[in-house]
Q: 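Before we start, here is the structure in question, set down as structure tokens.
Please read these numbers as outputs of a predicted model, since none were measured by experiment.
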Amino acid sequence: MKYYPLKLWLTTIVLAIIIFDISSMIVNKSFESDYFGFSIFMFLYSLIYSFPAFLIIFLIYKMILNNFNLKNKILLSTVAIILMLLTNFIVFGMESYNIDKNYSALSFSIIFTVSIMIATIITK
């Protein structure tokens, strides 16, 4: 449990990239050679993009370290999801949540929410 926030953060990013790549392959019905290069870019971008949220999660983790149980693990994940949604809203704006037009923030929000939930389950 010593490195739980770091494991959660990195696992979430890796899972989000995998989910994004698989969903892109399904939508495009093909595998494109640039998926690997884009995945590396997405990993580095996600590290920078989510670092402030990671710091907040890390500080909360340090406050509850003495009593880290399933309830607190779920609390951290909930805070992580809220921070991710807030970050997406700040960066992409409200227009990116409009399904009729550009929905990049919506798709990223769904992918990262699912990734955080899966990472919470598999990270110890």
Side-chain angles (χ1 to χ4, degrees):
M1 289 292 186
K2 185 176 181 182
Y3 298 105
Y4 179 78
L6 182 62
K7 290 183 206 175
L8 180 67
W9 181 47
L10 295 176
T11 304
T12 297
I13 291 172
V14 170
L15 286 171
I17 292 168
I18 292 169
I19 293 170
F20 183 82
D21 284 347
I22 291 171
S23 63
S24 294
M25 286 182 232
I26 291 170
V27 168
N28 295 331
K29 297 179 182 163
S30 67
F31 176 79
E32 297 182 23
S33 60
D34 64 338
Y35 281 140
F36 182 72
F38 184 73
S39 295
I40 291 174
F41 167 77
M42 192 171 169
F43 180 78
L44 295 174
Y45 179 80
S46 295
L47 283 175
I48 295 167
Y49 180 78
S50 63
F51 189 71
F54 165 71
L55 288 177
I56 293 169
I57 295 296
F58 183 76
L59 292 173
I60 293 171
Y61 174 78
K62 285 294 187 185
M63 290 188 315
I64 61 174
L65 184 62
N66 294 335
N67 189 21
F68 194 70
N69 52 31
L70 180 60
K71 179 182 168 188
N72 289 334
K73 192 175 180 181
I74 293 170
L75 172 71
L76 277 180
S77 297
T78 303
V79 171
I81 290 170
I82 291 168
L83 290 171
M84 177 272 307
L85 293 172
L86 182 64
T87 303
N88 281 345
F89 182 76
I90 291 169
V91 171
F92 290 108
M94 188 61 181
E95 300 83 40
S96 294
Y97 283 95
N98 186 346
I99 294 176
D100 296 330
K101 296 181 182 175
N102 178 7
Y103 53 93
S104 56
L106 181 62
S107 57
F108 278 116
S109 296
I110 292 168
I111 289 171
F112 272 94
T113 298
V114 169
S115 299
I116 290 169
M117 290 172 15
I118 294 170
T120 300
I121 294 169
I122 65 174
T123 306
K124 296 181 180 187

Q: Can you sort out the partners of S77 under side-chain hydrogen bond (donor to acceptor under 3.5 Å, both in side chains), two or more places apart, ordered by chain and number?
A: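 Testing S77 for side-chain hydrogen bond (donor to acceptor under 3.5 Å, both in side chains), a comparison that skips the adjacent residues, returns T120.
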Q: Which heavy atom of K7 sits nearest to which heavy atom of K124, and what is that distance?
A: NZ-O, 3.3 Å
Q: Please check if I48 and I13 belong to a single hydrophobic cluster, counting links between Ile, Leu, Val, Met, Phe, Trp and Tyr side chain heavy atoms closer than 4.5 Å.
A: no
Q: Taking the hydrophobic residues Ile, Leu, Val, Met, Phe, Trp and Tyr, and joining any pair whose side-chain heavy atoms are under 4.5 Å apart, which ones share a cluster with L59?
A: none
Q: Could I get the full list of ring pair (Phe, Tyr, Trp, His ring centres under 6.0 Å) partners for Y45, not counting sequence neighbours?
A: F41, Y49
Q: Who else is in the cluster with I82 when I, L, V, M, F, W and Y are joined by side-chain contacts under 4.5 Å?
A: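 Members besides I82: none; it forms no cluster.
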Q: Could you check whether the rings of F38 and F20 sit parallel, tilted or perpendicular, using 30° and 60° as the cut-offs?
A: tilted
Q: Which residues satisfy the side-chain hydrogen bond (donor to acceptor under 3.5 Å, both in side chains) test with T78, sequence neighbours excluded?
A: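 With sequence neighbours excluded, T78 shows a side-chain hydrogen bond (donor to acceptor under 3.5 Å, both in side chains) to no residue whatsoever.
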Q: Test of understanding: with side chain to side chain contact (heavy atoms under 4.5 Å, CB included), list the residues that count as partners of I56, not counting sequence neighbours.
A: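 Applying side chain to side chain contact (heavy atoms under 4.5 Å, CB included) to I56 gives I60, L83.
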Q: List in chain and number order the residues that pass side chain to side chain contact (heavy atoms under 4.5 Å, CB included) with T113, two or more places apart in sequence or in another chain; answer none if no residue qualifies.
A: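 Side chain to side chain contact (heavy atoms under 4.5 Å, CB included) list for T113, sorted by chain: I81, M84, L85, M117.
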Q: Apply side chain to side chain contact (heavy atoms under 4.5 Å, CB included) to V14 and list each qualifying residue two or more places apart in sequence or on a separate chain.
A: I18, F43
Q: Rounded to the nearest 0.5 Å, how far does CG of L70 lie from CD1 of I74?
A: 4.0 Å
Q: Just do the side-chain contact (heavy atoms from CB on, under 4.5 Å) check on F58 and L6 with the steps written out, would you?
A: CA-CA 8 Å; F58 183 76; L6 182 62; over 6 Å; no
Q: Are any non-hydrogen side-chain atoms of S115 and I19 less than 4.5 angstrom apart?
A: yes
Q: How far does CG of N72 sit from CE of M63, to the nearest 0.5 angstrom?
A: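 The distance works out to 10.5 Å.
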Q: If you define the side chain from C-beta out and look only at heavy atoms, does anything of V79 sit under 4.5 Å from L76?
A: no
Q: Who are the side-chain hydrogen bond (donor to acceptor under 3.5 Å, both in side chains) partners of S46, not counting sequence neighbours?
A: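 Checked S46 against side-chain hydrogen bond (donor to acceptor under 3.5 Å, both in side chains); zero matches.
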Q: Applying side chain to side chain contact (heavy atoms under 4.5 Å, CB included), name anything that partners A119, two or more places apart in sequence or on another chain.
A: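 For A119 the side chain to side chain contact (heavy atoms under 4.5 Å, CB included) partners, ignoring immediate neighbours, are L8, T11, T12, L15, T123.
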